[in-house]
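Whatever order the structure lists them in is the order used to number ligands and atoms, beginning at 1. Please read all numbers here as calculations on a predicted model, not as lab measurements.
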Amino acid sequence: MDHFLYRNGVLHAEDVAIPDIAAAVGTPFYVYSTATLTRHYHLFTEALSPLPHLVCFAIKSLSNVAVLKTLGNLGAGMDVVSGGEYLRAKAAGVPGDRIVFSGVGKTREEMRLALTGGIRQFNVESEPEMRALSEVATSLGVTAPITVRVNPDVDAKTHEKIATGKKENKFGIPIARASKVYAEAATLPGLQVIGIDVHIGSQLTELAPFEEAYLKVADLTRQLRSEGHTITRLDLGGGLGIPYARSNEAPPLPTDYGALIKRTVGDLGCEIEIEPGRLISGNAGILVSKVIYVKNGEGRDFLILDAAMNDLVRPSMYGAHHDIVPVVEAPVASPTQEFDVVGPVCETGDTFAKGRDLPMVAEGDLVAFRSAGAYGAVMASEYNTRPLVPEVLVHGDHFAVIRERPTFDEILNRDTIPPWL
Ligand SMILES: *Cc1c(COP(=O)(O)O)cnc(C)c1O
């Protein structure tokens with residue numbers, strides 16, 4: 001459920017009419033709903049109660065500081081995968097003891113940044129990283145709390161580019177080697193082992209892969225404890241999928257996911273962390289765009305929008321589906337038409353949908369891409385020198401621009417001419 005609904009035939013974000021935002025900001029733009037972000041965060045905290053837990057929002061799905069502050073104010077933790085994301089979490093006022101640092105290639109500079117600024121834990125992904133972290137921590141005179149990310153060799157049954165839990169993926173250490181790696185970690189002076197981490201992929205639409213992975217983590221917890229390690233925290237990653245095509249998809253609910261966690265690891269006496277990104281942010285955002293032209297081609301009609309692959313890359317990168325809806329609702333039983341929905345970028349890859357059945361739309365009409373909050377604005381670029389798409393946050397009947405569209409002067413001024421020219 002989200003808070004993007006039609007009222008009197010006009011799409012609203014909470015109590016704000018989308019055309020009002022378009023008039024103020026211009027198109028294209030992303031708009032996020034505070035109520036939806038809040039609701040999704042609470043679904044997870046309720047699903048995990050009464051287990052001791054922390055829901056760490058995966059910043060990489062939607063990293064605007066205003067969004068992070070919205071969630072951070074509710075008590076959310078943050079999952080960061082770079083020094084830049086760490087600084088975003090801090091800029092949003094999230095204390096270091098609610099920030100976990102994930103990622104397969106943390107640099108020594110990033111480790112130093114987090115150890116100096118405060119960190120809940122590092123999720124270490126390899127032996128060389130573990131040794132580097134110990135050195136950095138020792139040089140700063142501190143100890144780094146760590147979990148080791150294990151790769152449980154589970155098929156997440158999701159898109160190949162976002163599956164991370166098979167043994168051929170680059171993530172984590174093979175679970176079969178965990179015993180050896182934890183033994184070494186225990187000897188490194190700069191580290192304090194506190195738990196285990198696992199994350200098997202993104203946009204999972206079934207619970208079975210989670211169950212398989214978490215049962216392996218439960219076994220590993222018992223084994224590592226018997227080998228003398230203190231395991232008090234389990235980070236179970238993110239990855240729960242959302243319905244992108246609302247007419248025919250029904251991924252598992254956070255309540256069922258929570259019940260699964262209790263069933264598989266709930267009796268170990270560990271504090272549970274999860275790192276949901278998409279399920280909190282995905283349906284909390286839409287991308288609004290304007291129709292530039294309706295072009296009748298040979299055997300097919302094109303809807304040419306002012307949004308493009310540089311603003312929302314998921315369709316061209318993952319073949320992803322987004323529902324596309326008119327901002328002004330078509331009257332009931334009015335005719336529809338099949339369109340290829342495309343952007344103006346000079347690549348055939350700049351196609352949002354092929355043969356999509358849409359109500360009749362005309363030049364100047366507004367359309368919205370649903371479920372665009374996650375992996376939307378964060379992946380945007382200025383390809384074709386199209387200004388970085390702005391972001392808007394709605395709260396009840398208020399809205400605010402939380403990232404401005406840059407001017408062409410600002411864009412051009414970032415390039416500098418070397419002295420020999
Ligand atoms: C991407 C990622 C997440 C979030 O995944 P979602 O599918 O957005 O929930 C969580 N943890 C790690 C380590 C990730 O890389």
Quiz item: What is the nearest protein non-hydrogen atom to atom 1 (C) of ligand 1, stated with its residue, atom name and distance?
Solution: K60 NZ, 1.2 Å
Quiz item: Quick one: which ligand 1 atoms are inside 4.0 Å of a heavy atom on Y375?
Solution: 1 (C), 4 (C), 5 (O), 6 (P), 8 (O)
Exercise. Would you please determine whether A374 falls within less than 4.0 Å of ligand 1 on a heavy-atom basis?
Key: no
Quiz item: Any idea which part of N123 is under 4.0 Å from ligand 1, heavy-atom wise: side chain, backbone, both or neither?
Solution: neither
Quiz item: Is V81 in polar range of ligand 1, meaning some N or O pair under 3.5 Å apart?
Solution: no
Exercise. Kindly identify the option in E275, Q203, E125 whose heavy atom sits closest to atom 12 (C) of ligand 1.
Key: E275
Quiz item: Using the benzene-type ring in the case of Trp, are the ring centres of F369 and F352 under 6.0 Å apart?
Solution: yes
Quiz prompt | Check: G201 N/O within less than 3.5 Å of ligand 1 N/O | solution = no
Quiz item: Is any side-chain N of the basic residue among E273 and R120 closer than 4.0 Å to the acidic one's carboxylate O?
Solution: yes
Practice problem: May I ask you to check whether S61 has an N/O atom sitting below 3.5 Å from an N/O atom of ligand 1? | Solution: no
Quiz item: So is R403 actually on top of F29's ring, under 6.0 Å and inside 45° of the axis?
Solution: no
Quiz item: For ligand 1, which part of P276 has a heavy atom less than 4.0 Å away: the side chain, the backbone, both, or neither?
Solution: backbone
Quiz item: Should E85 and K90 count as an ion pair when the cut-off is N to O under 4.0 Å?
Solution: no
Quiz item: Do any N or O atoms from the side chain of H199 and from the backbone of G238 form a donor-acceptor pair under 3.5 angstrom?
Solution: yes
Practice problem: Measure from the ring center of Y257 to the ring center of F210 and say whether it is less than 6.0 Å. | Solution: yes
Self-check item: Atoms in ligand 1 flagged as close to D79, the criterion being non-hydrogen separation under 4.0 Å
Solution: 10 (C), 11 (N), 12 (C)
Practice problem: Quick one: look at H199 and ligand 1, take heavy-atom pairs under 4.0 Å, and tell me if it's side chain, backbone, both or neither. | Solution: side chain
Exercise. Quick one: sort the Y30 and Y32 rings into parallel, tilted or perpendicular, breaks at 30° and 60°.
Key: parallel
Self-check item: Under 3.5 Å: N/O of S102 near N/O of ligand 1
Solution: no
Self-check item: Salt-bridge present (K262, D267; N to O < 4.0 Å)
Solution: no
Quiz item: Is S202 close to ligand 1, meaning an N/O of one under 3.5 Å from an N/O of the other?
Solution: yes
Exercise. Evaluate side chain to side chain donor-acceptor pair (under 3.5 Å) for S371 paired with H322, printing each intermediate quantity in order.
Key: CA-CA 7 Å; S371 310; H322 284 270; 5.4 Å; no
